[in-house]
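Below, chain A is the first sequence line, B the second, and so on; all start at residue 1. Below, all heavy atoms of this structure are taken into account, side chains as well, without hydrogens, waters or symmetry copies.
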Amino acid sequence: MKDVVKTFLGRPTGIAGLLLLAISCLMAVSAPILYPASPWEMSGIPFSAPGENGMLLGTDTLGRDIASGVMHGARVSLLIGIVSTLAALFVGVLLGCVAGYAGGTVDTVIVRFTEIFQTIPSFVLAILFVAILSPSLGTIIVAIALVSWPPLARLARAQVMSVTQREFVQAARCQGQSPLSVMFRHVLPNAISPIIVTGSLTVASAILIEAALSFMGLGDPNHMSWGYMIGAGRTVIRQAWWMSFFPGIAILVTVVAINLVGEALNDALNPRISRS
Amino acid sequence: MSGGLLSIQSLSLALPEGADRKKALDAVSLDVRPNEIVCLVGESGSGKSMIAHAILDLLPRKVRYLDGDIVFNGKKLTQAPAGEIRRLRGSDLAMIFQEPLTALNPLRRVGEQVAEAIYTHRSDVSAKSISQRVIELFSQVGLPDPAAAVSAFPFQLSGGQRQRVMIAMALANDPALLIADEPTTALDVTTQRQILDLIRSLQAERGMGVLFITHDIGVVADIAHRVVVLRHGKVVEQGTASEILNNPRDAYTRQLMDAVPGRGHVRAGGGKKTALLQISDLRKTFVVKQGLFAKYRRVDAAAGLELSISKGETLAVVGESGSGKSTLARMILRLIDADSGQVLFNGEDVRGMGRVALREYRRRAQIVFQDPYASLDPRLRVGDSIARGPIAFGSSRREAEATARKWLERVGLDASAFDRFPHEFSGGQRQRICIARALALDPEFLIADEAVSALDVSVQAQVLRLLSDLKAQMGLTMLFITHDLRVAREIADRIVVMRNGCIVEDAPAETLFSSPTEDYTRSLLAAVPGRKFFADQDITATGTGIHA
Amino acid sequence: MEILLRIGFRIAGIVLTIFLIAVINFTLVNAAPGDPAAVMAGQSGAADETFLKQIRAEYGLDKPWPVQLGTYLLKVAQFDLGYSFRQRQEVSDLILERLGPTLVLTLSAFFLSLIGGVFFGALAGRRHGKWSDVAISMVALLLYATPVFWLGLMLVLVFSIQFEWLPAFGYVDIRASGFSAWNYALDVARHLILPAVTLSAIYMAVYTRLMRSSLIEVSQEDHVKTARAKGVAEGAILRRHMLRNAALPVVTMAGMQVGALIGGAVVVETVFSWPGLGRLTFDAVTQRDYPVLLGLFLVMSILVIAVNLLTDLIYRLVDPRIATQ
Amino acid sequence: MERRDFNKMLLACGALAAFGVSPAPRALAQHRDGGLTAILQPEPPILNLALNQQTPTGVVGGKIFESLLSYDFDLQPMPQLAESWEISEDGKTYTFRLVKNAKWHDGEPFTAADVVFSCANLLMEVHPRARANFDRCESIKARDDHTVVFTLKEPFAPFILAFEASSAPILPKHLYEGQDYRNSPYNNKPVGTGPFKFSEWVRGSHIHLTAFPDYYQEGKPHLTEIYYRIVPDAASRAVAMETGEAQLAQWMDIETFDVERLAALDHLTMTTKGYELFSPVLWIEINNRREPMNDKRFRQALMHLTDKKFVAERIMFGLAKPATGPIASTTRFFESDVKQYELSVEKATALLDEIGLKPDSDGKRITLRFAVAPYGEMWVRTAEYFRQAVAPAGIEVILDSYDIGGWASAISNWDFDLTTNMLYQYGDPALGVARTYISSNIRKGVMFSNTSGYSNPDIDRLFDEAAVETSDARRQELYSEAQRILVEDAPLLWLTEQRYPTIYDARIENLITTSTGVNGNFAAARYAE
């Protein structure tokens, strides 16, 4: 564990990622303190450019504060990113483990199913799902989880299969350890790190999917989100570039941060790199 | 400088920071003359491959040149511009590598790859004559149907055939010096024999100088004119083959010679014959499917095996890769389920065991795997890895840890090893830990699945000795799986030869070596490198074998 | 025989996929709150009882659900994707009308990203550790994290609004009606630049990273050393022994990304008002035109399957191990 | 190389692109100076006005088909196919004298039989709005070849507004009689009496109309031809106007935020006239059945909280005017002297306190759900605005996104708290306004009925009386009274009267001459010398 932290912190990109991510999280946490008013509040003069009329990042067509929106948007993006990834992880890892451990027909069926799911243009499925079941935090999270689990399932399956084949697992079985003990003490700990890494990257892609859904007008109408802000700014890009610029930067920073952290985590959790 | 083709003069190379030693090579000097085979012998990490790479200027970036000269045909390679060395590579200076599997570009036809060696150096040759030349080379290196072979892709060829392609490629421009870096190590023993013979005959025909790098003294004995022994980047000893082999002056050379397995007395089978393990009509077929819609391929790993192991006996199962020997080991332990047949352990049907019985059985029958790097959980302290077994069988944590420490000492490690992680140990040490883990459960039966194959020869000898000592002390019955007849001879009472999932021959060790009944066994025996030399030596020398 | 069997398997797989998609469609419509007939009818649902009756009869909505599913599958099998009551047009016609521009866009983006990714990845991998490698890797990381639609907007801001170099929106100039074929094609191409670049950016980043690491890996492989030992010059080694080998995983990846690419086309076409399936999707979403959405989902999935077959073919061309298997 | 060849090339390239390089527009002849290129969006499904009354159908069909009358900006009838008309004293008999020299585009003469056939047969079957009007007739008869008489069962003053081209298009009897109206081959090559006749329709590209030389008004039309270019993309439409490639854009062709910029260009001019007959009013619909919205004080509180000016200026970008009551100021019988609701949170909270809606510890009094209709950005912004506007008074509004079907079914089945809605008024309160407020029109499952569930016997009586009253003065009295009551009761939250911009080439004159503006026949439109 110490090695992992050490390797992680030994990577400048990892530290940069952590810092950027900290900024995003800080935005999410401090939004209600710094901008206690609702981000929907039309508190300023419409179409104020950044810095104009005391608006740090300007206002939108209705006079809503972009800065407040960006801060509050962090909450929605991170929440949806994390919760939907957890849901996808749950489904994906469960199916992957069952397939990898059970093998045989169960495996074949799960693999085929996963493959088909991967063929489907996932974003279109997410659109369809949210549009038909009407947009809300719940449907968006379920939709993102629905399109995010297949890679995780495949990875989990591959990992479980490869680790189960490894000789130390066979040795553990020969040592008389119970299957559950083998699974939890030997297989999972050795299989989990790529899953953790991919999971962390899934958060990033979930944030991007959420943004794209909101951009298409399929966001939860009661929660300010970055994608929504860009979508609302799209038609007036000629008149008010800042409406779409700043939320985009926020997404960019967050996603870059998560990717950097994920990569550093990958290096840190990879015993070949961290232990030699 | 004695009219040498290649002369290396006190060459020193630096290893990067943090390596286990400072210099990859430390003032190495050696010569290769035309029309001779110089064997460069050493264990892993001795720096023997570095020399080969240094000659061709193919060193990894991290290795720095420090000092010394490499002179080829009177030209100083160490100061030559890169372009000049490149012109020499593949024309006057050719090289073949260890892994024929990876040394060829998988995406290009082998003929093209050989042709490339030609047109890279000769722009004046027509495409037609190049392809003729390639076919000619292919027939010289003994590839069947050379005209067809040129358009094959590497994956369509066997390992031996690929190595022949590599040799053809090396010979394409009639090099003066051929550097062969462990060219037979990855091959099965019979194939190794053919390739060695090929290299020797081609060398003789062409009067080439050959720098042959190997770790195997047996191979040295088979082909070397002169020998250079390398250890930790330093030349320990060099001289003619007969000098070095018959009269090693240096202690290390002697140690290497002694470590070569399979030279002591063949063990005589024990007297009483109570069967511990009986296998009858055991069958297993693997259905291999590559890619989603690829066709199925059936591989028989066990085609009705019949085998019996007596209590206290050491049985070696010998076979080339793909013979089904490892599958056999796994089926015995039920790590793989057999398709049909019977496995009786002490009269109990292993295949019919329930969970409880199976657990108890596995306590009594343990296994040591081949790859010491893969067989220890990288996330567990080695002490825990050992202690897990006793704990699973009801020992208290403290008892189990005590057992683990005791076993660590018993296999020749310090008890303080308990708290360390696998990656802190060398291969030999890890294999000792694996043995400790297996024996900590106090089994009656131990399977060693290629347990020493991945180890250097001197370490191999130590581990073999450890195994045989422990076996004697504990009265173990042992199933020893190996591809190396010499190792089998070293440790086994009885030897079973397997091929394609069938048992070819099953005989006491003595009988098998002295009067093999099957052709296949004979060809295996004949292929053992250095057999003739050691056979001669054993007659003349006064029993310096490692056995008491 | 063998090959027939493989083709058979392949077709079975495709049919299975389409079947699953149709089932998803069916399930979603039935899971939607409210009367499926009203859902299918869109606005007309509440307004016009005759339409509802017509739909109910057509889809057997008064029958038990297995019959309904059967009816729906039968319709799908005949490429009858229903009727858009919003657009007053057959869904299949609507989709076919828009298929061309989408193909033009996605295929350009596909190849652009593949070529660009291989090129920049090879460049970075070749200069492993040098500043150009660092720069390319950084840009790739940034592009990888950029929301596609935002990138598109920013490109419009810079290249269309600021510099007025490229058209910001649309497929072809309205004046194109008087153009010659050549100028027409040129005009489409001009309009294509920004959307294609936008859509390919993220994938180019993915392929660049993959190509880079793949090339570095290949450069350490034994056969490259063999080529050096043959005396082959570095440039020739790169060309003959590294690029193709390193590009293999990229092609595999590209095949797997097609679905995502088409998903990306939805947002890109929205940003650039590109009159393809993506724009149609956006319009259908804003109007909640379900028959169109369901049809689009199905057609896009089929498109993905088709492109997957295509990448398989490419793969076969690049990797003899599969071709001759 | 022809463009077709290019398409073939694409096809050959395996791109299957021929589908989408959309049915390639054939090279259009550069039209002469007297022609007009107009933007059309979206593409109409059909051009037969009797079968479809969507906006683009009206725009194009209005040039081909005519009705008996047209209406000036004050909604007074003007001659079209009828030269003159008279209404009997009792308001029950409408007699129209038709023009005598009118011809169908196929050369057949136009007669009273066509009018009778259209109004009594064809429209009754296929045109819901016309059916509602002509159902009031006891008989529709041709007195001679050029006189038609409509006899009503009872007086209905707005009947005179029923003869606009898209409300009662006259179709040729000789082509339609005895045919399946919906599937007639002439639906796709329409034959009318209008100043422009159908020439060509390339789907996805353009519709081409040419001047009809035998048009009954001497010297008209002035324009030689009209191209309706289908331009699906809003930005391209703006560019087309900017560059002068197109000379006319109407309705919602130009995005609201682009209007000001385009209107300021020298070569273009802009008017919001010509939509008076439609005069849509946008409101927030309140479900009057539910607590506490059944209390008029609550609804009044909402009135006090909503800044209509903000909506008009910020959300509609000035293309709207704050609405003061149920009747648009451009519709007949508008009354401006109604209760004014001052924008005031204090007044609103006072009203809420009075009802007994007390704020909880968070200051929240009540939570309402707002069904957001999926008609575009404007509607969503309005809902977002409303949510913020009422928040200071402790009213929490949660937005629910709906699809059109779901929204329509929720509203028509009264399953909502709040929503936005917008209806055309068709010039007369009896046609387009009463339907929203009278209790006889509370019809579950029917869209555009009195879905808010407002019921007031006084209002019912006033609207009923006004509909059959024939004196305009008396009608004004009745409607003024109704407006005062409605504004006091605030059954809905009227927000804005929508304005649409018509942007056109500044050289064109007499383009917008009627209250149906761009849907008119353009017979008089011409380029200034």
Side-chain angles (χ1 to χ4, degrees), chain A residues 1-4 6-7 10 102-105 107-116 118-119 154 158-159 161-194 196 268-276, chain B residues 18 289 292 326 329-330 332-337 355-356 358-380 382 384-395 400 421-424 430 433-435 437-438 440-441 443 445-447 449-451:
Chain A
M1 199 55 217
K2 238 191 276 165
D3 287 342
V4 172
K6 227 170 86 187
T7 321
T105 319
D107 182 36
T108 313
V109 169
I110 293 180
V111 167
R112 291 297 299 153
F113 186 68
T114 314
E115 271 172 1
I116 291 177
Q118 272 195 311
T119 314
R154 289 183 74 141
Q159 278 297 114
M161 280 180 85
S162 98
V163 174
T164 313
Q165 290 301 312
R166 299 258 287 279
E167 291 180 337
F168 68 82
V169 174
Q170 301 195 349
R173 282 165 72 190
C174 290
Q175 268 182 319
Q177 296 185 36
S178 68
L180 271 185
S181 155
V182 170
M183 188 74 199
F184 284 104
R185 281 176 203 265
H186 295 285
V187 177
L188 271 184
N190 282 290
I192 204 81
S193 32
I196 291 176
L269 290 174
N270 187 335
R272 265 197 312 188
I273 296 175
S274 75
R275 303 249 164 89
S276 62
Chain B
K289 209 175 120 186
L292 191 56
S326 278
R330 281 167 169 73
I332 292 173
L333 285 176
R334 265 186 63 184
L335 289 172
I336 294 175
D337 283 316
R355 263 186 51 206
V356 181
L358 182 65
R359 226 160 78 87
E360 179 55 26
Y361 163 63
R362 283 197 181 146
R363 190 192 66 71
R364 294 160 69 191
Q366 281 290 310
I367 183 164
V368 177
F369 294 100
Q370 168 175 11
D371 184 355
Y373 292 87
S375 52
L376 286 168
D377 188 335
R379 280 165 206 285
L380 283 185
V382 299
D384 284 331
S385 275
I386 299 170
R388 277 281 160 79
I391 290 172
F393 285 98
S395 294
F421 285 92
H423 63 93
E424 298 173 55
R430 288 191 207 194
I433 295 166
C434 291
I435 293 170
R437 175 176 62 189
L441 284 170
F445 179 52
L446 181 68
I447 299 177
D449 183 8
E450 299 271 21

Heavy-atom cut-off 4.5 Å, strictly under: side chain, backbone, both or neither for B/Ile386 against chain A?
backbone

Just so I understand: if I count every heavy-atom pair under 4.5 Å between each of B/Val368, B/Asp371, B/Ile391 and chain A, which residue has the most?
B/Asp371

Straight-line distance of A/Glu167 CD to B/Arg330 CZ, nearest 0.5 Å
5.5 Å

Keeping B/Arg379 on the side-chain end and A/Pro189 on the backbone end, is there a donor-acceptor pair under 3.5 Å?
yes

Which one, B/Arg388, B/Glu424, B/Arg363, leads in non-hydrogen pairs under 4.5 Å with chain A?
B/Arg388

Could you state the interatomic distance from CZ (A/Arg173) to CG (B/Leu358), rounded to the nearest 0.5 Å?
8.5 Å

Using modelled atom types and a 3.5 Å cut-off, is there a donor and acceptor pairing between side-chain atoms of B/Arg359 and backbone atoms of A/Gly176?
yes

Show the nearest heavy-atom pair for residues A/Arg166 and B/Pro378, with the distance to one decimal.
NH2-CG, 4.3 Å

Would a distance-only check, ignoring hydrogens and angles, find a side-chain to backbone donor-acceptor pair under 3.5 Å from B/Gln366 to A/Cys174?
yes

Quick one: closest heavy-atom pair of B/Ser385 and A/Gln175, and the distance?
O-NE2, 2.7 Å

Atom group of B/Leu376 that falls short of 4.5 Å from chain A, counting heavy atoms
backbone

